[in-house]
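Only a predicted model underlies this, so the values are computations on that prediction, with no experimental measurement involved.
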Amino acid sequence: MTHADPVINTERLRHLLDGVNAFGFNAVTGSYNRVGYSDADMAVRDWFAGQMENDGLTVSRDGVNNLFGRYGPDTGACVMAGSHLDTVPEGGAFDGSLGACIALECVRAMKDAGIAPRTPIVVAATAEEEGRFGGMFGSQTIVGAVTPGWIEQASDSDGVRLIDAMAAQGLDARAAMGAAWEPGSIRAFLELHIEQGPVLERSAIPVGIVEGISGVCNLQVRYEGTANHSGTTPMDMRADAFAGLAAFATTITPMLKEHGSGQSRITIGKVELSPNHAHTIPGAADFLINLRDTSEIVMRELRAECLRNIKIAAAAHGLTSDVREKSWLSPVSLDPAIRDVLSEEADRLGYASIIMPSGAGHDAQTMQSLCPSGLIFIPSRNGISHAPEEWSDWADIEKGAQLMLNALVRLSSS
């Protein structure tokens, strides 16, 4: 470097993250609610855009409210860095927002050190990453992976359509179709994220460098039977939708043992029974199956087994079944050259690191289809995420941020 080596200003970074987390804070639970296209999500984007403008970045947005701040030359392919600002309902303080804040702090640190990148750096705060509508809408828009058919049918777990949620905020979901970045316009994408798992903390290693990200399949299932009186209906004459759900649930462990891998995950969530009363047999059960693995072959085999076992459980309890695939994100291997850069810079900084997979989905997996992408993990206390107890120690955050900064300086210097 021709100037002073840039250094992360941890207090400035902490202040920036606190500013983000002033939006959507629930003082009763200690959690954060900035679900995609909510009022809090829109407000935090306006605030973050203002922060970037104050830093002299050239700020722009696309039709789905992805937010970009450009530092360096006005033209030419860029290095993009960032993450998302939206949260899950009642989420934590670090998931996504930390990565967006670190990307901006890296630019601030470069400016402090007098470093003007030869390749422009674009700080990105992507929209709707948490999958309220079944995908990673912001980054999928950037890479051109969104289809008109998906936009028209996408809805959240409460039945709110993506088109309607965006229209309520003055946005047109169909604008996603004209917002893709051209191939070659992004030379590399970097993201930092909390691990959301226990591996780094358990190993006492401050940095994880991700080699691949699990795919995600969401299956919406409905069992229909017959609602009836719980006291007068004999057990052998019931068509109990919840009993069918429970029977399917017992097949998950055997499925994983026979067809899964060490990275396989199957989870049942968002269960709704109807009627949902103490003295009534449920006549319908609606639930979501979330399936993940780092191998697409394994994912497809597990999906097929899920479909088979859904039907078997339905038949055993006199039910009809309906299954709809809400989303499918294939597993992704991240760029090995970017991974090498991150490993080399971690070694140069004297940080212990490991190469590891990610069981959770991130924007980096989507961005890999457009440009070489890399993902840095820092430890999560007790592996907890998507909850108010989510926490990462600032000593670890500082190391991860400094690694991101060194990598950005290196990638943008040519």
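- Between Lys399 and Asp393 there is no salt bridge, since no side-chain N of the basic residue sits under 4.0 Å from a carboxylate O of the acidic one.
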Let me have the donor-acceptor pairs involving side chains of residues 205-219, under 3.5 Å, with sequence neighbours excluded, atom names and distances please.
residue	atom	partner	partner atom	Å
Ser214	OG	Ser358	O	3.3
Asn218	OD1	Asn290	ND2	2.8
Asn218	ND2	Ser327	OG	3.1

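- Tyr32 contributes atom OH, which lies 8.5 Å from atom OG of Ser97 (distance to the nearest 0.5 angstrom).
- Listed by first and then second residue, the ring pair (Phe, Tyr, Trp, His ring centres under 6.0 Å) pairs that reach into residues 86-131 are Phe94-Trp391, sequence neighbours excluded.
- Residues Ser261 and Asp293 have side chains that bring a donor and an acceptor to within less than 3.5 angstrom of each other.
- Residue pairs meeting the side chain to side chain donor-acceptor pair (under 3.5 Å) criterion with at least one partner in residues 178-195, sequence neighbours excluded, are Ser83-Glu191, Asp95-His193, Thr119-Arg187, Arg187-Ser414.
- Nearest heavy atom pair, residue Ser321 against residue Ala314, reads CB-CB, 4.1 Å.
- The list of side chain to side chain donor-acceptor pair (under 3.5 Å) pairs with a residue in residues 140-155, not counting sequence neighbours, reads Glu152-Arg174.
- Remark: Ile384 pairs with Asn382, Ala387, Glu389 by the side chain to side chain contact (heavy atoms under 4.5 Å, CB included) rule, at least two apart or across chains.
- Partners of Asp363 by side chain to side chain donor-acceptor pair (under 3.5 Å), not counting sequence neighbours, listed by chain and number: Thr126, Ser139.
- Side chains of Gln196 and Ser385: a donor-acceptor N/O pair is present below 3.5 angstrom, by distance only.
- Pairs of residues two or more places apart, or lying in two chains, that qualify as salt bridge (charged side-chain N to carboxylate O under 4.0 Å, His left out) and include a residue from residues 294-305 are Glu296-Arg300, Arg303-Glu325, Glu305-Arg308.
- Remark: the Gln402 side chain and the Asn406 side chain contain an N/O donor-acceptor pair separated by less than 3.5 Å.
- Note on residues 282-309: pairs passing ring pair (Phe, Tyr, Trp, His ring centres under 6.0 Å), not counting sequence neighbours, are Tyr223-Phe287.
- Residues Gln169 and Asp39 have side chains that bring a donor and an acceptor to within less than 3.5 angstrom of each other.
- Screening residues 340-355 for side chain to side chain donor-acceptor pair (under 3.5 Å) gives Glu344-Arg410, Glu345-Arg348, Glu345-Arg410 as the qualifying pairs, with residues at least two apart or on separate chains.
- Residues His362 and Phe377 bring their aromatic ring centres within 6.0 Å.
- For Thr280, the side chain to side chain contact (heavy atoms under 4.5 Å, CB included) partners two or more places apart in sequence, or in a different chain, are Ala227, Pro275, His277.
- Residues satisfying the side chain to side chain donor-acceptor pair (under 3.5 Å) criterion with Glu224, sequence neighbours excluded, are Arg222.
- Side-chain contact between Val323 and Gln220 is absent, with no heavy-atom pair separated by less than 4.5 Å.
- A salt bridge links Asp41 to Arg45: at least one charged side-chain nitrogen sits closer than 4.0 Å to a carboxylate oxygen.
- Residues forming a side chain to side chain donor-acceptor pair (under 3.5 Å) with Glu105 (at least two apart in sequence, or on another chain): Arg12.
- For Ser31 against Pro388, the heavy-atom pair with the smallest separation is CB-CG, 3.6 Å.
- Note that the CD1 atom of Ile289 and the CD1 atom of Ile252 stand 7.0 Å from one another [nearest 0.5 Å].
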